[in-house]
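Down below is the structure, laid out as structure tokens.
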Amino acid sequence: MYTLFLRDDAEPLKLEADGRTLLEHLAERDRGRLREVVAARKGEAAVDLRTVPVDDEEFSLIEKTSPEGLEILRHSAAHVMAEAVKALFPEVKVTIGPAIKDGFYYDFDSDKPFTPEDLKAIEKQMKSLVKKGRRFVRREVSREEALALFRELGEDYKLELINELPEDETISLYESGDFVDLCRGPHLPDTSYLKGVFKLLSVAGAYWRGSEKNRMLQRVYGTAFADKEALQQHLHLLEEAKKRDHRKLGRELDLFSIQDEAGAGFVIWHPKGALLRTLLEDFERRQHLKRGYQIVMGPQMLKADLWKRSGHFENYRENMYFTRIRENEGDAEGQVYGIKPMNCLAHMLIYNSKLRSYRDLPLRYFELGTVHRHEPSGVLHGLLRVRCFTQDDAHILCTPEQLQDEITAILEFVADVMKMFGFSYHMELSTRPEEKSIGSDADWERATDALVKALEVNGLAYEINAGDGAFYGPKIDVKLMDALGREWQCATIQCDFTLPERFDLSYIGADGEKHRPVMLHRVILGSIERFIGILIEHYAGAFPLWLAPEQVRILTVTEAHNEYGARVEEALRDADIRVTADLRNEKLGKKIREAQLEKIPYMLVIGDQEVAAETVAPRLREAGRTIEPMPVDEFAALVKDEVKKELQT
RNA sequence: GCCCACGUAGCUCAGUGGUGGAGCACUUCCUUGGUAAGGAAGAGGUCAUCGGUUCAAUCCCGAUCGUGGGCUCCA
């Protein structure tokens with residue numbers, strides 16, 4: 001007898017271990033659920049439904065809609081894709097094909113890159129395989145047998161994978177038709193489960209094992225869901241996400257451009273974008289002053305010697321721009337300057353400009369610092385990955401005793417700001433990089449401990465990102481999710497014992513002796529450019545009133561109302577409201593349509609009635625709702641009030 | 001940086017080895033119209049840049065620049 005839990009909340013069944021598979025038993029007991037279940041769980045492990053139970057074993061079922069079930073479904077889809085590719089292109093070598101968030105991929109080694117037509121052909125071939133409803137047959141083999149098989153098949157990558165498996169690992173193969181793949185499993189009972197629920201999305205290059213030292217493979221991305229509806233919904237979501245792409249909206253709303261002539265990765269802010277950015281920066285200045293930061297400013301470039309002293313020259317040079325400046329014709333060598341990729345140097349020079357006492361600490365220097373970093377051309381992406389950006393950067397210099405409280409205060413700052421924008425985020429702790437880093441092990445340990453402790457004291461969950469720290473210290477990264485589900489690093493807090501050492505920073509302690517301060521590098525929004533890019537997608541271009549470059553647009557019905565319209569515009573502008581008037585000789589419907597497409601929060605319609613009553617008739621951006629006409633000063637008060645509410649953190 | 005795709009009017013996109021097109025936007029005129037597009041006419045292009053093949057190149061080939069999708073998700 002063995003035990004089968006048909007449902008979590010139902011009594012388990014005691015069944016005869018009669019040599020038949022779980023699938024056969026299930027078909028007998030609960031035919032209705034046959035297509036809902038994709039695999040079974042035995043203890044911790046997921047197993048195939050074609051497993052033959054033996055006495056005293058215990059199984060529960062994995063639904064295809066569960067996260068684990070979906071993963072199995074997608075993994076099987078990847079397997080079918082590999083089979084399809086091998087059928088169409090026998091010379092291609094297969095590598096790996098995992099399930100990923102929202103889908104799956106499979107990497108192939110092919111001399112000939114796949115074209116979009118190939119993609120279609122592969123999908124067609126997959127459909128035909130799915131239609132055949134072929135079984136996935138599991139076979140467990142010895143290491144030698146597996147090696148012999150894949151050697152014969154010429155699947156070098158599989159050989160490499162087998163050789164890396166731990167000694168005691170069970171090696172399993174899955175066969176469907178003529179295709180054999182090395183695979184841990186489990187898989188779907190057969191391919192018919194995939195009917196109508198998968199779609200191939202794109203082809204891209206990807207390095208074997210993610211390293212640019214390795215061969216470039218052809219990666220095919222696809223997605224699969226439990227049912228047709230879920231697949232359609234996901235594809236629809238991708239379409240919607242495209243509509244709020246910040247690059248598209250940035251052009252449509254005339255916020256910014258990036259032009260070949262000026263250079264890749266360099267953002268040019270148009271009037272509305274520059275205004276939006278200014279509003280965001282003003283918000284930041286107020287927030288920082290409120291929290292005891294002091295605003296400072298440093299130069300755009302500093303002598304290269306200073307970058308050598310900080311370690312940037314040694315560790316960050318390939319990302320930096322340099323320029324040589326000659327004082328006169330005879331000065332052949334000139335002086336080399338490095339354009340700043342970070343803002344910390346000037347801040348340290350400020351600290352060092354006079355003798356500091358422990359009574360002065362902590363010092364919190366804040367700068368909206370514009371930096372240049374030479375990023376590889378392939379990673380540039382709209383506002384999200386650029387070569388020149390402005391950071392809301394601060395460096396906090398404090399005593400070791402103050403470190404904990406300062407980190408805590410920053411974490412609260414981050415929480416407040418993210419809450420105001422309505423972002424969800426999660427945190428990652430990054431530790432010392434294996435290559436290229438400075439400072440002693442003891443300092444790294446001390447710095448990492450301080451960060452961990454602050455996270456734990458505040459009860460914050462975090463993931464560990466081993467080896468991803470800055471070259472001068474460990475860090476806490478805050479990652480936001482954008483509209484396409486991509487993660488972007490925004491806030492970061494980095495603990496640094498090294499630069500204070502290199503720049504010989506000190507303060508006089510209560511004991512009258514010199515001590516070394518600790519430095520925290522931190523940003524809240526991170527890059528203003530990136531943050532605005534994320535904001536555009538987050539709000540789909542419909543910015544909250546406080547951030548909208550144009551808050552109000554006045555729309556006159558005919559030219560006869562223009563004089564009053566202009567007076568209303570002036571009154572609102574005097575009240576510090578960002579307003580324009582559309583006095584063109586156009587129909588009201590057209591003016592409304594355009595204002596709506598520009599996502600302006602309030603439209604004020606002005607016609608005979610409003611002129612006569614000295615009022616304005618507001619129309620809201622949201623769902624085209626209108627509210628009762630009111631006097632201008634009343635409307636101004638309404639706008640002010642709404643902004644105030646939005647900015648309450 | 002590497003792989004693939006792409007680059008035609010301000011925008012979205014057709015198109016062809018021999019004359020470059022549409023819609024929207026723009027300009028002018030008509031229209032004075034109350035909550036998402038009134039009408040007519042006009043102007044607008046070194047077909048990314050440079051080089052090659054050809055009698056002839058926007059189209060074919062190469063290079064450069066730029067844009068897009070990827071390059072951590074481990075049988």
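We name chains A, B, ... by the order of the sequence lines, and we start the count at 1 in each one.
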Task: Counterpart residues, ring-ring contact (aromatic ring centres under 6.0 Å, His included), relative to A/Tyr462 (two or more places apart) - done: none
Open item on the list: Would you measure the distance from the C1' atom in B/A14 across to the matching atom in B/G21 and give it in whole Å?
Closed with: 7 Å
Open item on the list: Among B/G1, B/G33, B/U35, which nucleotide has an atom closest to any side-chain atom of A/Pro376?
Closed with: B/G1
Open item on the list: Just to be sure I understand the geometry, which residues of residues 599-609 of chain A put a non-hydrogen atom under 4.0 Å away from RNA chain B?
Closed with: A/Val605, A/Gly607, A/Asp608, A/Gln609
- [ ] Among B/C73, B/C3, B/U35, find the nucleotide with the atom closest to the side chain of A/Gln218.
- [x] B/C3
Open item on the list: Only Watson-Crick and G-U wobble pairs, only distances under 3.5 Å, only runs of 3 or more: what stems does that leave for RNA chain B?
Closed with: B:1-7 with B:65-71, B:10-13 with B:21-24, B:26-30 with B:38-42, B:48-52 with B:60-64
Task: C1' spacing across the pair B/G20 / B/U35, given as an integer number of angstrom - done: 42 Å
- [ ] Can you establish whether the number of heavy atoms outside A/Asp178 located under 6.0 Å from its atom CG is more than 12?
- [x] no
Open item on the list: With hydrogens left out and only the distance checked, is there a donor-acceptor pair under 3.5 Å joining A/Tyr207's side chain and the base of B/G70?
Closed with: no
- [ ] Consider the side chain of A/Arg593, meaning its heavy atoms from C-beta on, and name the nucleotide among B/C73, B/A36, B/U35 that approaches it most closely.
- [x] B/A36
Task: C1'-based separation of B/U19 from B/G23 [nearest Å] - done: 22 Å
Task: Check ion pair A/Arg530-A/Glu375 (N to O, under 4.0 angstrom) - done: no
- [ ] Could you tell me whether A/Leu201 contacts a base, only the sugar-phosphate backbone, or nothing, with contacts defined as non-hydrogen atoms closer than 4.0 Å?
- [x] nothing
Open item on the list: Need one value for A/Tyr174: base, sugar-phosphate or nothing, where a base atom within 4.0 Å counts as base even if backbone is also close, heavy atoms only.
Closed with: nothing
- [ ] From the options B/U67, B/G1, B/G34, select the nucleotide whose nearest atom is closest to the side chain of A/Ser377.
- [x] B/G1
Task: A/Leu383 CG to B/U67 P, straight-line distance once rounded to whole Å - done: 13 Å
TODO: Take atom C1' in B/U16 and the same atom in B/C74, then report the distance between them in whole Å.
DONE: 48 Å
Open item on the list: Just to be sure I understand the rule, does A/Arg619 reach a base, reach only the sugar-phosphate, or reach nothing, if contact means heavy atoms closer than 4.0 Å?
Closed with: base
Open item on the list: So if I take every side-chain heavy atom of A/Leu588 and compare against B/C26, B/G34, B/C73, which nucleotide ends up nearest?
Closed with: B/G34
- [ ] Using modelled atom types only, decide if a donor and an acceptor are shared between the side chain of A/Asn562 and the backbone of A/Leu583 within a distance under 3.5 Å.
- [x] yes
Task: Atom of A/Pro166, atom of A/Arg143 and distance for their closest heavy-atom approach - done: O-NH2, 2.9 Å
Open item on the list: Once you apply a heavy-atom cut-off of 4.0 Å, does A/Lys158 come out as touching a base, just sugar-phosphate, or nothing?
Closed with: sugar-phosphate
- [ ] Could you check whether A/Glu169 gets within reach of a base, just the sugar-phosphate, or nothing at all, counting any heavy atom under 4.0 Å?
- [x] base
Open item on the list: Categorize A/Glu598 for me: base, sugar-phosphate, or nothing, with a 4.0 angstrom heavy-atom threshold over every strand shown.
Closed with: nothing
Task: Set of residues satisfying ring-ring contact (aromatic ring centres under 6.0 Å, His included) with respect to A/Tyr174, sequence neighbours excluded - done: A/His187
Open item on the list: Once you apply a heavy-atom cut-off of 4.0 Å, does A/Gly382 come out as touching a base, just sugar-phosphate, or nothing?
Closed with: sugar-phosphate
TODO: Among the candidates B/C3, B/G1, B/G38, find the nucleotide nearest to the side-chain atoms of A/Glu586.
DONE: B/G38
Open item on the list: As a test of understanding, state which of A/Lys243, A/Arg247, A/Lys242, A/Lys248 forms a salt bridge (Lys or Arg N to Asp or Glu O under 4.0 Å) with A/Asp245.
Closed with: A/Arg247
TODO: Give a yes or no on whether the backbone of A/Lys199 and the side-chain of A/Thr223 come within a donor-acceptor separation of less than 3.5 Å.
DONE: no
Mind listing the N/O atom pairs, protein and nucleotides 9-14 of chain B, below 3.5 Å?
from: B/C11; atom 1: O3'; to: A/Arg251; atom 2: NE; distance (Å): 3.3
from: B/U12; atom 1: OP1; to: A/Arg251; atom 2: NH2; distance (Å): 2.7

- [ ] Using a strict 4.0 Å threshold on nitrogen-to-oxygen distance, state whether A/Lys158 and A/Glu160 make a salt bridge.
- [x] no
TODO: Have a look at A/Gly210 and say if it touches a base, only the backbone sugar-phosphate, or nothing, with a 4.0 Å heavy-atom cut-off.
DONE: sugar-phosphate
Tabulate atom names and distances for all N/O pairs under 3.5 angstrom spanning the protein and nucleotides 41-50 of chain B.
none

Open item on the list: Between the base of B/G34 and the side chain of A/Glu610, is one N or O donor paired with an acceptor at under 3.5 angstrom?
Closed with: yes
Task: Between B/G10 and B/A48 - P atom distance, rounded Å - done: 12 Å
- [ ] With RNA chain B as reference, determine whether A/Tyr221 or A/Ile96 sits nearer its 5' end, using the nearest nucleotide of each.
- [x] A/Tyr221
Task: Pairwise C1' distance, B/G45 and B/A5 [rounded to whole Å] - done: 25 Å
Task: Pairing of A/Glu598 and A/Lys272 as salt bridge, 4.0 angstrom limit - done: yes
Open item on the list: Suppose you measure atom C1' in B/C3 against the same atom in B/C55; what distance do you get, rounded to whole Å?
Closed with: 39 Å
- [ ] Find the distance A/Leu583:CG to B/U32:P and express it as a whole number of Å.
- [x] 19 Å
- [ ] Look at all strands and tell whether A/Thr170 reaches a base, only sugar-phosphate, or nothing, counting heavy atoms closer than 4.0 Å.
- [x] base
- [ ] When you get a sec, tell me which of B/A36, B/G70, B/A37 is the closest nucleotide to the side chain of A/Lys590?
- [x] B/A37
Open item on the list: Under a 3.5 Å distance rule, please check whether A/Arg41 uses its side chain to pair with a backbone N or O of A/Ala46 as donor and acceptor.
Closed with: no
Open item on the list: Rounding to an integer number of Å, can you tell me how far A/Leu380 CG sits from B/C71 C1'?
Closed with: 15 Å
